[in-house]
Protein chains: 2
Amino acid sequence: MVRMLDIAILGLLMDRDHHGYEIRTQVRDRLGVSANISFGSIYPALNRLERRGFVEAVIATEARGNALSTGSLSGERASLRALRATPGLGRRSRKVYRITPRGREEFVTLLADPATLDDSRSFSLRMALAKYLTPSLRVVLLERRRIDLVERLTEMQSSARNEQLDTYARSVMAHAVKGVELDLEWIDNLLSTERSNQQSFAPEAK
Amino acid sequence: MVRMLDIAILGLLMDRDHHGYEIRTQVRDRLGVSANISFGSIYPALNRLERRGFVEAVIATEARGNALSTGSLSGERASLRALRATPGLGRRSRKVYRITPRGREEFVTLLADPATLDDSRSFSLRMALAKYLTPSLRVVLLERRRIDLVERLTEMQSSARNEQLDTYARSVMAHAVKGVELDLEWIDNLLSTERSNQQSFAPEAK
DNA sequence: AACCATCATATCAAATCGATATATCGAACG
DNA sequence: CGTTCGATATATCGATTTGATATGATGGTT
């Protein structure tokens, strides 16, 4: 969860530039994250990434009548101020972010990072961006996730068998079990696709 | 999500007393929450609930030989002092919490609260504790959740049809769609059970 | 022209997480 | 017999995330 947002933002910027508000919708529509990320997360995260040099703000293209007066937006870390304190800047200017070369490096590192891939959300996020991974790394991630899920499945199955639970609690557990089973089917499909693709490149490998 | 932990803790204490560490495991095993709640959440939450008078700490039963003599443990922080400065309490004492009458009131209020039942986790949590709700409130919650899910389903189906997505992103979306469909089946089963139970109490109602 | 939904950025307090520190206890191992 | 290991147990810290709220622009509708 820690770096979920960093991965999501950088992953979206790998493709093309985005502004904050747009990232929020894209995380839902392209990365499959069910809950909307709050603005209180996204703007601080963008500032964080900018400070670290992984993204940079470029003033919105598609300029409308603005007259921005003096080119005073070269202010270093006063990137916010440049926009806010400028009196002549009307409209709702969009702050468009672009990923830097260092950001691209950071992204692939984070994406393949062995740490914290346990929860369902961060795994789905990684898979949604899996085209940026090498085939072998994809398989590693999938297999590790598979192991976690199998373990969790047996745990939950025994919980679901607990006879001290009332009807509702047991129903919740049984439903959760089905969810994990669905996840496992998905993983297995992805794994077999991955392996058949590998074969097509090295069919003679015994 | 905001009060998820409060609901979870109070819900567990409705049944019997618990200490912090135990609550963590029970949230997984009895309430079906897949991720382990961190200690950094649970102990502050218990203090919070204690301050508000919804729970009270009772010294661990099952007392063992202690004798600790003088309270030389140099309590520094306030919250520690309560227990540690108490002389006579030795070992790794477990701080067992009990729910108060006001806590029971608060619990049913939170559980039936119309706010923030949108996300999957908080809904599952509520259902796991649904035996404390009236049948009609259960139906209200279920129906509202159903509406949300149907809406989300159509959104995600159109996302999954987006041809600009690569194979992996589309696979994630398709999998997410299946998850929501599974949720919907579950809700519908619960709803029909709920309604057939209602009928048995009022079979003549046309 | 008034209204409202959507777009867009931003900030704040409170909640939560992940890591870490500390300590007890029982079991396993040699 | 010692010691190491894993599970039990409480607590705190900094960083991250949420949910709420403020503010304003833009565009469509009646």
Side-chain angles (χ1 to χ4, degrees), chain A residues 1-9 18-27 33 35-49 51-52 57 59-60 62 64-66 79-86 89-97 115-116 118-119 121-122, chain B residues 1-9 18-27 33 35-49 51-52 57 59-60 62 64-66 68 73-84 89-97 115-119 121-122:
Chain A
M1 214 107 118
V2 177
R3 306 165 134 154
M4 281 233 16
L5 240 189
D6 289 3
I7 295 180
I9 292 175
H18 292 278
H19 59 271
Y21 187 90
E22 200 181 19
I23 285 172
R24 193 169 117 112
T25 56
Q26 295 275 311
V27 165
V33 174
N36 260 335
I37 296 174
S38 89
F39 295 127
S41 313
I42 203 121
Y43 292 114
L46 282 168
N47 288 332
R48 210 164 61 220
L49 290 170
R51 268 203 314 276
R52 295 185 200 167
I59 295 310
E62 196 201 358
R64 20 252 292 172
N66 43 14
S79 52
L80 309 180
R81 243 174 269 150
L83 274 181
R84 260 208 286 173
T86 308
L89 179 65
R91 321 307 167 104
R92 194 80 209 139
S93 61
R94 309 187 313 189
K95 229 169 125 183
V96 178
Y97 288 90
T116 62
D118 37 349
D119 72 293
R121 278 181 39 177
S122 70
Chain B
M1 216 107 117
V2 178
R3 307 165 132 153
M4 281 234 16
L5 239 190
D6 289 4
I7 295 180
I9 292 175
H18 292 278
H19 59 271
Y21 188 89
E22 199 181 19
I23 284 172
R24 193 169 117 112
T25 56
Q26 295 275 312
V27 165
V33 174
N36 262 335
I37 296 175
S38 88
F39 296 127
S41 311
I42 204 126
Y43 292 113
L46 282 168
N47 288 331
R48 209 164 61 219
L49 291 169
R51 269 203 313 278
R52 295 187 200 166
I59 297 310
E62 195 201 2
R64 26 243 290 156
N66 41 18
L68 227 280
L73 288 188
S74 70
E76 278 149 308
R77 310 265 170 174
S79 52
L80 307 181
R81 242 175 266 152
L83 252 193
R84 277 213 260 176
L89 177 69
R91 311 307 167 112
R92 194 80 208 139
S93 58
R94 309 190 311 191
K95 226 169 131 183
V96 178
Y97 288 91
T116 60
L117 39 85
D118 37 349
D119 73 294
R121 278 181 38 177
S122 70

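Source: prediction; values computed, not measured. Just so it is clear: chains get the letters A, B, ... in the order the sequence lines come, proteins before strands, and each one is counted from 1.
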Nearest to the A:Phe39 side chain among D:dT18, C:dT9, D:dT10, which nucleotide is it?
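Out of D:dT18, C:dT9, D:dT10, the nucleotide with an atom closest to A:Phe39's side chain is C:dT9.
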Closest approach to the side chain of A:Leu5, judged atom by atom: which nucleotide of C:dA8, D:dT17, C:dG18 is it?
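Given the options C:dA8, D:dT17, C:dG18, the side chain of A:Leu5 is closest to D:dT17.
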What's the [atom1]-[atom2] distance between [X] and [N], to the nearest Å?
{"X": "B:Ile9", "N": "C:dA15", "atom1": "CD1", "atom2": "P", "value": "12 Å"}
{"X": "B:Asn47", "N": "C:dA14", "atom1": "CG", "atom2": "C1'", "value": "15 Å"}
{"X": "B:Met4", "N": "C:dT16", "atom1": "CE", "atom2": "P", "value": "8 Å"}
{"X": "B:Arg24", "N": "D:dA9", "atom1": "CZ", "atom2": "P", "value": "12 Å"}
{"X": "A:Arg121", "N": "D:dT17", "atom1": "CZ", "atom2": "P", "value": "9 Å"}
{"X": "A:Arg52", "N": "D:dT16", "atom1": "CZ", "atom2": "P", "value": "6 Å"}
{"X": "B:Tyr43", "N": "D:dA9", "atom1": "OH", "atom2": "P", "value": "9 Å"}
{"X": "A:Tyr21", "N": "C:dA10", "atom1": "OH", "atom2": "P", "value": "15 Å"}

Closest nucleotide of DNA chain D for A:Pro44 versus for B:His19: which of these residues is on the 5' side?
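The residue mapped nearer the 5' terminus is B:His19.
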Write down the atom of [X], the atom of [Y], and the distance for their closest heavy-atom approach.
{"X": "A:Pro44", "Y": "A:Ser41", "answer": "CD-O, 3.6 Å"}
{"X": "A:Ala57", "Y": "A:Lys95", "answer": "CB-CE, 4.1 Å"}
{"X": "B:Ile23", "Y": "B:Leu46", "answer": "CD1-CD2, 4.1 Å"}

Would you say D:dT18 has OP1 or OP2 under 4.0 Å from some side-chain N or O of A:Ser41?
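A:Ser41 to D:dT18 OP1/OP2: side-chain N or O found under 4.0 Å.
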By the 4.0 Å heavy-atom rule, please label B:Gly20 as base, sugar-phosphate, or nothing.
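Contact class for B:Gly20: sugar-phosphate only.
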Applying a 4.0 Å non-hydrogen cut-off, can you work out what A:Ile37 is touching in the nucleic acid: base, sugar-phosphate, or nothing?
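Contact class for A:Ile37: sugar-phosphate only.
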A:Arg94 to A:Tyr21, cation-pi by 6.0 Å centre distance and 45° axis angle
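The answer is no; the distance or angle limit is not met.
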Do B:Asp6 and B:Arg48 have side chains that approach each other closer than 4.5 Å (heavy atoms only, starting at C-beta)?
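Yes. Closest side-chain heavy atoms under 4.5 Å.
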